[in-house]
Amino acid sequence: MQTITTVAELRAALAKARDQRVGFVPTMGYLHDGHLALVEASRAQSDVTVVSIFVNPTQFGPTEDLSTYPRDFLRDEKLCRDAGVAIVFAPEAQEVYPAQYDTCVEAGELAKSLCGAFRPGHFRGVATVVCKLINMVQPDIAFFGQKDFQQFAVVRRMAIDLNLPIEIVTVPTVREPDGLAMSSRNRYLTTEERQRALAISRGLFAAEAELRAGERECEKLIAMARRHLDEIDRLQYLELVDAETLEPASNPLTHPAALCAAAYVGSTRLIDNVILKPQVSD
Ligand code: PAF
């Protein structure tokens, strides 16, 4: 495995792999099994896997956790090596955003609801850095976790709209055995908060069970999830949206919809979602 920090070196290393299928897993590091599932998917669907590790400053708001975002580069490197990654690309901030840097990718409607409504500029930062990283790596296929469902939707739209010659793939959320969605930010939780954070996945699973039991009314599915959310400190949103357009889902539910939640447990903001897929025969 090679660890590379500049775009020039990355291009040189990948020039040798141009006749191979290149898979790309963009990350902000502090890797967990969710990231490793993306690596595994990439290894299954490509010949050469590149993982980027870059805590992207432009997707953090002024009061968010950029300075405290967890980092452990040596551990990440080892996990990547053990997982069969070919190249770790870990640029410094000035390599990605040099002094005169003055361009961004503005995501459209898909970025306005859910997290976008509470994190102004977040998806501009995500779309910009993902577009830049894709241009640097020039992969054939890139992998994103379902936990960041809106991010996946924004990136998929961007790739289509900007004619990026790449396939964008989502990989199901990896959960702890008790249901908590894996996230680098889980490390902020105290033991007591972590216990209460389980209410989020419990609520989402309850709505899923209600759908399986035949419920198709959006409000009732949302209410079922909300019933479990008393233990969290502040619910930022709980919304059922069409899985393609991210517009509010309509009754009766006939198309796949994402039930998405963002909530604070203590001072930690967590997000999670489940995809509700009504069976055609129901
Ligand atoms: O999901 C993340 O870790 C980040 O938003 C990403 C896609 C690496 C862009 O910085």
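From a predicted model like this one, the values you see are computed outputs, not experimental measurements. Order of appearance sets the numbers: ligands from 1, and atoms from 1 within every ligand.
- Salt bridge annotation for Arg269-Asp65: absent, with no cationic side-chain nitrogen under 4.0 angstrom from a carboxylate oxygen.
- Residue Pro26 has at least one heavy-atom neighbour below 4.0 Å for each of these atoms of ligand 1: 8 (C).
- Atoms of ligand 1 lying under 4.0 Å from at least one heavy atom of Val129, given by number and element, are 9 (C), 10 (O).
- Counting only N and O atoms by type, the side chains of Arg187 and Tyr30 include a donor and acceptor under 3.5 Å apart.
- Closest to atom 10 (O) of ligand 1, if we only count protein heavy atoms, is Gln59 OE1, 2.6 Å.
- The aromatic rings of Phe149 and Phe152 sit tilted relative to each other, their planes meeting at an angle between 30° and 60°.
- Remark: minimum distance from atom 2 (C) of ligand 1 to any protein heavy atom is reached at Gln151 NE2, 3.8 Å.
- Taking every heavy atom of Met28 and a limit of under 4.0 angstrom, the matching atoms of ligand 1 come to 3 (O), 4 (C), 8 (C), 10 (O).
- Listed for the Ser42 side chain is no donor-acceptor partner under 3.5 Å among the backbone atoms of Leu38.
- A cation-pi contact, defined as under 6.0 Å to the ring centre and within 45° of the axis, is absent between Arg175 and Phe205.
- Only the backbone of Thr27 comes within contact range of ligand 1, with a heavy atom under 4.0 Å; no side-chain atom does.
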